[in-house]
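Worksheet: the structure to be examined is printed underneath.
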Amino acid sequence: MALMTKYFPSVNRIEYRPDAGPEDNMVFCHYNPTETIHGRTMEEWLRFSPCYFNMFRYFGTDDHYGYRTHIRPWDEGYSWTARHYGRDSYDMSGNYMDKSTYDVGKRSMSPHRSYVDVGKRSMSPHRDYVDVGKRGMSPPIPLPYVGYEDRKGQSWENGSRSLSNYKRRMQAAFEFFSKLGVRYYSASDRDFAPEGETWKETNRMLEETATMACNLQQQSGMRPLYFAADLFSHPRYMNGAATNPEFHVFAYACAQVKRAMDMAKRLQAENFVFFHPRDGYQNPLQRQIYRDIQHLGHLYRMAAQYKDKIGYKGHLLIQPKPFDPLRHQYESDAMSTMQMLRHFGMERTYKLYIKPAWSRMMGRPYHHDVYMASAFRMLGLVDTADSSPEINGTSDICASNVRDATIVMKCYMEQKTGSFKSGMDYGHGGFTLSCRVRRESFEPRDMFHGMILTMDTYACALKNAARIISDGCFAENLQQRYISYNSGFGEKLDKGSTSLEECAEYIRNHGDAQVYSSHHEQNEQMFNYYVYPSAKKPSGYSGQI
């Protein structure tokens, strides 16, 4: 299949080059999809899936804290950065002028000269991305989401909510995914098409774009790792979706989930994700909390029934979320979500899609919810995005902490290899790349750098975790630490076959307990051995992986 190269013409398919230097950063240094780790390829282990929403619906606005800054290939629309990247880029009327269309003589060149071949003429820094026709002028910058007629050669992103804009965005997204070399992507219904004036119009647009996505999937060999219903973007969900005090909104959310599940089946999505960032409370005086949670349970019951009715083979997943945006979530973490599912008798129907970054935002270790979900055999997908507590709890940033990722990968690999049987069987699961580039990283190339950084971080973590499991040091130490439960009275306690009276009798006969050191620092030292190998370690060492 020929690689699409319309919207990112200056970027080739990202290749694996372990010998690349520090400035050769449009390549993978650790992620080699065909490399075998524990009998499976990296691609099979990691099953990377870029998130459509954070890559192609976020434009550097920092929510309500500022104007959009990102320039998209393409975008002469609603972006301050595009307009003010260089004052001499605009004519007297404020319209953007592509300098490649006229000779400026001895005037200064673009600050990004290294990216383009300018020859004898000055060139716009975005010449690679914009085809402005013969006049060399793009349309004026519109107000947010005010559409205008498409012009010949215009890029996909014009800052509007028009259906044609969504279609161009989808073409750009599939080109982006293909050049990353991934087999999966993750999306929601609102990523594909805007809301129409009526339910009928909305369905028509979704049907049209779903057909387009199916065709692009066939051309690229891709499919969704998960598909979801966006139950938070539209103003109707400002007070929640399933937990909304108004029944009409709840009913609309259910109808939207039904339609999204139909799309998930058609797109052959491996999972269907429920994500409810607005289903929580801001003031308990205005909420009947148990009633709200019960309504969530009703939605999950109806979805499970509909899944069976239409014969959808994908898994149903729920993503816990702590408190953002500005409310306390009912599904705030793995434990609260699992308790709710168990309460409503659906713990065997649903798994969890864990985002470790939100554990960090709650003041817990990055890996906390991954291990909690895995311990109860409820771990499905893992989100690779990180958060930055030191910057006001910023989330969805690109992962770069190999040590944290290694702890997550160790847990994930153990449940997949059978040494700790929990969660989904091998052949399911995966890692979603829901990170987004920073607001100030506004060039299109930054999108690739963000994905490469995150994929290499987790690929490196996969190799580290494989060495840890193969060497068996941590497994042996853990068994030794719990050895007292293998026989005698400890075995009875472990199996829950004793009573408080028997415990009291045992203490009367055997006296006070003997304590042992946890050797915490020793274990941290051991872990660093795998994360940061010494120089004396053979370069080809793989820990029998």
Full working for side chain to side chain contact (heavy atoms under 4.5 Å, CB included) between F489 and T498: CA-CA 9 Å; F489 196 77; T498 187; 3.6 Å; yes
Derivation of the side chain to side chain donor-acceptor pair (under 3.5 Å) call for R403 and N528: CA-CA 8 Å; R403 197 177 195 278; N528 275 359; 2.8 Å; yes
Check against side chain to side chain donor-acceptor pair (under 3.5 Å), Y226 and Q319: CA-CA 12 Å; Y226 78 72; Q319 185 181 48; over 6 Å; no
Pair Y482-D494, side chain to side chain donor-acceptor pair (under 3.5 Å): steps then yes or no: CA-CA 10 Å; Y482 284 84; D494 192 49; over 6 Å; no
Side chain to side chain donor-acceptor pair (under 3.5 Å) assessment of Y353 paired with N271: CA-CA 10 Å; Y353 167 28; N271 304 277; over 6 Å; no
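Side-chain atoms of W45 do not come within 3.5 Å of backbone N or O of L462 as any donor-acceptor pair.
In the model, Y366 has no side-chain atom that pairs as donor or acceptor with a side-chain atom of N401 under 3.5 Å.
Note: F48 and Y458 fail the aromatic proximity criterion, with ring centroids not under 6.0 Å apart. Less than 6.0 angstrom separates the ring centroid of F176 from the ring centroid of F448. Between Y300 and F344, the ring centre distance reaches or exceeds 6.0 Å.
Using cut-offs of 30° and 60° on the angle between ring planes, the pair Y185 and F174 is perpendicular. Relative orientation of the F275 and W358 rings is parallel, given thresholds of 30° and 60° on the angle between their planes.
Inter-residue side-chain proximity for F232 and D279 is flagged as unmet; no heavy-atom pair is nearer than 4.5 Å.
Exactly one of S49, S186, S434 qualifies for a side-chain hydrogen bond (donor to acceptor under 3.5 Å, both in side chains) with D383. That residue is S434.
When all heavy atoms of T337 and D333 are compared, the closest pair comes out as OG1-O, 2.8 Å.
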